[in-house]
Amino acid sequence: MSIGLECRDGVATVTLDRPEKHNALGLDDARALSRTWRELRTDRAVRAAVVTGAGGRAFCTGVDRSAVADAEAVPQPTSPFAIEDPLLSIGPKSNDLWIPVLAAVEGMACGGAFYLLSEAEFLVATEESAFFDPHTTYGMVSAYEPMGMAQRMPFGEVARMALMGTAERISGRRAYETGLVSELAPVGGALDAALDCARTLASYPPEAVQGTVRAVWAAREAARSQAMAQAAPLIALGNLPPARQAELFAGRGRGGGAFRTR
């Protein structure tokens, strides 16, 4: 498995550890990440957590396309009103974990990374970080990702990110200006800055902290759950066939792979 876990001073550090793949998640990694969050639910010594990516070049780049290229790897329901998504349960809230979870972002965070980022209490990143959503470029509906991020970004920003695909990236500075990121750290310093905050949270009475987390999320959940109920049919009806998606994905980077950073 490529999910690291270290617990110290009441804080769990969860590390996506596939730097050679820009911390893209295979199916086993997705299951291991879900299992990690569920194990932390019953660890009384852990009162806060930080999720980060190894290597400095990427936080996470979503699902490993090579792991799901075979249609049999993730068989889909026959109904257009349902979809099987291996990343839907990789976030802490999806696994009923209510200790505060912070995200430390260095490098790229794109696509399926937003399943994790949208379920963190807040993000620490560097100016050199880059956020983008490649779905539309490759003929896929972006649904769950922007639905989650719309809870923490201005509508115009999340709509532009979801629609512009690989043509644009949001810098860490822009993400900070729009409220997606709560603190900018120096290069290489995002994890330390997030851990400082997490240790503070871990020092407080856990009942008060977790009750506050639940209260903040309660204010969000109604709109989010209603939106996500529509995601599966939108994806099933709007996606290109997998073979056509694969053709577009195989052609990435041709012509210089040009993009601009805002």
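Bear in mind the structure is a predicted one, so any value in this text is a computation, not a measurement.
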Taking all non-hydrogen atoms of both residues into account, name the closest pair between Ser118 and Tyr115 and its distance. OG-O, 3.5 Å
Sequence neighbours excluded, every pair satisfying salt bridge (charged side-chain N to carboxylate O under 4.0 Å, His left out) that has a member inside residues 94-118: Arg41-Asp96
Could you check if a side-chain atom of Ile99 sits within less than 4.5 angstrom of a side-chain atom of Gln210, using non-hydrogen atoms only? yes
With a 4.0 Å cut-off on N to O distance, would you call Arg160 and Glu157 a salt bridge? no
State, to 0.1 Å, how close Thr126 and Gly188 come at their nearest heavy-atom pair, and which atoms those are. CG2-N, 4.3 Å
Does the side chain of Arg47 reach to within under 4.5 Å of the side chain of Val209, using non-hydrogen atoms? no
Sequence neighbours excluded, which residues qualify as side-chain contact (heavy atoms from CB on, under 4.5 Å) partners of Ala125? Val105, Ser129, Phe131, Val181
Could you go step by step and tell me if Leu25 and Val63 meet the side-chain contact (heavy atoms from CB on, under 4.5 Å) rule? CA-CA 5 Å; Leu25 297 170; Val63 71; 5.6 Å; no
For Ala30, give me all partners under side-chain contact (heavy atoms from CB on, under 4.5 Å), at least two apart in sequence or on another chain. Leu87, Ile90
What are the two closest heavy atoms between Ala194 and Leu102, and how far apart are they? O-CD1, 3.5 Å
Hey, quick one: are Met164 and Tyr138 part of the same hydrophobic cluster, counting side-chain heavy atoms closer than 4.5 Å, chains of contacts allowed? no
Please name all residues satisfying salt bridge (Lys or Arg N to Asp or Glu O under 4.0 Å) with Arg169, sequence neighbours left out, ordered by chain then number. none
Report the hydrophobic cluster partners of Met108, with the cluster defined as I, L, V, M, F, W, Y residues connected by side-chain heavy atoms closer than 4.5 angstrom, directly or transitively. Phe132
Is it the case that the side chain of Ser182 and the backbone of Leu123 share a donor-acceptor pair, with hydrogens and angles ignored and the cut-off at 3.5 Å? yes
Is a donor on one side and an acceptor on the other found under 3.5 Å between the side chain of Ser142 and the backbone of His135? no
Passing option when Val11 is tested against Leu201, Thr200, Leu195 for side-chain contact (heavy atoms from CB on, under 4.5 Å): Leu195
Counting N and O atoms only, with roles assigned by atom type, does the side chain of Ser171 sit under 3.5 Å from a partner on the main chain of Thr261, one being a donor and the other an acceptor? no
Could you list the residues that satisfy side-chain hydrogen bond (donor to acceptor under 3.5 Å, both in side chains) with Thr178, not counting sequence neighbours? none
If we count only N and O atoms by modelled type, under 3.5 Å, do the side chains of Glu119 and Ser94 hold a donor and an acceptor together? yes
CA sep, side-chain torsions, deciding dist, call: Val14, Val101, side-chain contact (heavy atoms from CB on, under 4.5 Å): CA-CA 10 Å; Val14 178; Val101 177; over 6 Å; no
Tell me the salt bridge (charged side-chain N to carboxylate O under 4.0 Å, His left out) pairs involving residues 121-148, sequence neighbours left out? Lys93-Glu121, Glu127-Arg173
Look at atom OH of Tyr204 and say whether more than 12 heavy atoms of other residues, nucleotides or ligands are closer to it than 6.0 Å. no
With sequence neighbours left out, write down each residue that passes side-chain contact (heavy atoms from CB on, under 4.5 Å) with Leu163, or none if nothing qualifies. none
Holding to salt bridge (Lys or Arg N to Asp or Glu O under 4.0 Å), I want the full list of residues that pass it with Asp196, two or more places apart in sequence or in another chain. Arg199
If you measure from CD on Glu168 to CZ on Arg174, what distance do you get to the nearest 0.5 Å? 10.0 Å
How close do Ala49 and Trp37 get, counting heavy atoms only, and between which atoms? CB-CZ3, 4.4 Å
Under the rule for side-chain contact (heavy atoms from CB on, under 4.5 Å), what residues qualify as partners of Ala193, not counting sequence neighbours? Val124, Glu183, Ala185
Results of salt bridge (Lys or Arg N to Asp or Glu O under 4.0 Å) for Arg38 - residues two or more places apart only: none
Can a donor-acceptor pair be found, under 3.5 Å and without considering hydrogens, that links the side chain of Asp29 to the backbone of Ile3? no
Among all residues two or more places apart in sequence or in another chain, which pass the salt bridge (Lys or Arg N to Asp or Glu O under 4.0 Å) test with Arg8? Glu6
